[in-house]
Amino acid sequence: MTITISQAEAYQIERIAHSGLGREQTAKLIEAGEWSTIQDSYPKADPEMLQSQKSKLTSALKDGYTISFPTFNGVRNLLHLRFGLEEDKDYVVDDKSVQSLNTDEPTAAILRTMFEPLWKVEANSGKLSITHISKL
């Protein structure tokens, strides 16, 4: 089952995972309460958040997550944090939507899980678009 986390929690775990630890190791370190090891890799880690939300964040790293209220900037930031995708290189933005995102189906499935139901992730001419439901 996919867990729902906040955008701030998603930023936190993605930054830690991409600081060199990886998703699996980050989950293990959070689960074990190894805050100093986490902060050695990502000094801006928030041990209080990690401790108070330990089981939820560990589950999010292992099983995937939905963001409770992803903003447009949050979508763009998480495309970069989680997948290394860059605006104007890997996709373009148009009227507060992401267009022409070239990615594979497993990544598209992760994006749907992360951003829907507030954002619609759909394929258009072989490329993905991510559009806020108010824009549909």
Side-chain angles (χ1 to χ4, degrees):
M1 183 176 158
T2 303
I3 193 144
T4 300
I5 64 174
S6 71
Q7 187 168 288
E9 291 166 334
Y11 283 177
Q12 185 75 186
I13 61 174
E14 295 302 341
R15 285 181 175 132
I16 294 167
H18 289 90
S19 68
L21 295 175
R23 304 181 74 71
E24 187 176 319
Q25 186 177 8
T26 298
K28 287 178 183 177
L29 291 170
I30 292 172
E31 199 166 48
E34 296 286 337
W35 315 127
S36 62
T37 305
I38 291 170
Q39 286 186 305
D40 286 346
S41 184
Y42 181 65
K44 293 182 181 179
D46 182 349
E48 290 178 22
M49 175 196 287
L50 298 172
Q51 174 63 38
S52 68
Q53 303 298 325
K54 185 190 305 191
S55 64
K56 180 168 77 166
L57 298 179
T58 300
S59 177
L61 281 160
K62 291 179 179 178
D63 304 323
Y65 57 86
T66 297
I67 299 170
S68 56
F69 188 74
T71 64
F72 178 61
N73 283 335
V75 169
R76 292 176 21 213
N77 289 336
L78 285 160
L79 286 172
H80 180 70
L81 287 170
R82 175 103 188 241
F83 303 103
L85 299 170
E86 296 180 27
E87 188 175 333
D88 295 328
K89 179 181 172 192
D90 300 303
Y91 64 90
V92 295
V93 294
D94 178 30
D95 191 33
K96 296 229 176 198
S97 67
V98 172
Q99 301 292 325
S100 302
L101 178 60
N102 203 7
T103 191
D104 57 18
E105 185 50 41
T107 301
I110 292 169
L111 293 171
R112 284 184 194 96
T113 300
M114 287 173 66
F115 300 131
E116 289 183 350
L118 292 178
W119 293 83
K120 181 74 175 162
V121 179
E122 60 187 345
N124 294 321
S125 304
K127 299 199 182 232
L128 285 183
S129 66
I130 305 172
T131 308
H132 193 272
I133 58 165
S134 68
K135 300 284 182 194
L136 297 177

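- Across all non-hydrogen atoms, the minimal contact from Leu118 to Ser68 is CD1-O, 3.7 Å.
- Scanning both residues, Leu85 and Asp90, for their nearest heavy atoms gives CA-OD2, 3.3 Å.
- Taking a cutoff of 4.0 Å between a charged side-chain nitrogen and a carboxylate oxygen, Arg23 and Glu14 qualify as a salt bridge.
- The distance from the CG atom of Asp46 to the OH atom of Tyr11 is 15.5 Å, given to the nearest 0.5 Å.
- Looking only at distances, a side-chain donor or acceptor of Ser41 sits under 3.5 Å from a matching main-chain atom of Ser19.
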task = Could you walk me through whether Arg82 and Ile110 pass the side chain to side chain contact (heavy atoms under 4.5 Å, CB included) test, one step at a time?
result = CA-CA 10 Å; Arg82 175 103 188 241; Ile110 292 169; 3.6 Å; yes
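- In this structure, Lys96 and His132 have side chains that are not in contact, with every pair of non-hydrogen atoms separated by 4.5 Å or more.
- Contact of the Ile16 side chain with the Leu29 side chain is not registered, since no non-hydrogen atoms from C-beta on lie closer than 4.5 Å.
- A distance-only check finds a donor-acceptor pair linking the side chain of Gln39 to the backbone of Ala45 [under 3.5 Å].
- Contact of the Glu87 side chain with the Arg76 side chain is registered, since non-hydrogen atoms from C-beta on lie closer than 4.5 Å.
- Contact detail for Asn124 and Ser129: the closest heavy-atom pair is ND2-OG, 3.0 Å.
- The minimum heavy-atom distance linking Pro70 with Val75 is given by the pair CB-CG2, 4.4 Å.
- Taking the side chain as every heavy atom from C-beta outward, Glu9 and Ile67 never approach each other to under 4.5 Å.
- The CG atom of Leu101 sits 9.0 Å away from the CZ atom of Phe83 when rounded to the nearest 0.5 Å.
- Atom CZ in Phe115 sits 10.5 Å away from atom OG1 in Thr113 (nearest 0.5 Å).
- Two residues are said to be in side-chain contact when any heavy atoms from C-beta on lie closer than 4.5 Å; Leu81 and His18 fail this criterion.
- In summary, of the residues considered (Glu31, Glu24, Gln25), a side-chain hydrogen bond (donor to acceptor under 3.5 Å, both in side chains) with Lys28 occurs for Glu24 alone.
- Atom CD1 of residue Ile38 and atom CD1 of residue Ile13 lie 11.5 Å apart, to the nearest 0.5 angstrom.
- Taking all atoms of both residues into account, the shortest heavy-atom contact from Thr4 to Lys56 is O-CD, 3.7 Å.
- Residues Met114 and Tyr65 are in side-chain contact: their nearest non-hydrogen atoms beyond the backbone lie under 4.5 Å apart.
- Taking each heavy atom of Ala108 and Leu128 in turn, the nearest pair found is CB-CD1, 3.5 Å.
- Panel note: side chain Gln7, backbone Thr71; a donor-acceptor pair is recorded below 3.5 Å.
- Note on ring orientation: taking the six-membered ring where Trp is involved, the planes of Phe72 and Trp119 are parallel (angle under 30°, cut-offs 30° and 60°).
- In this structure, the separation between CD1 on Ile30 and CG on Leu61 is 5.0 Å, given to the nearest 0.5 Å.
- Note that CG of Leu57 and CD of Gln51 are 10.5 Å apart. Values are rounded to the nearest 0.5 Å.
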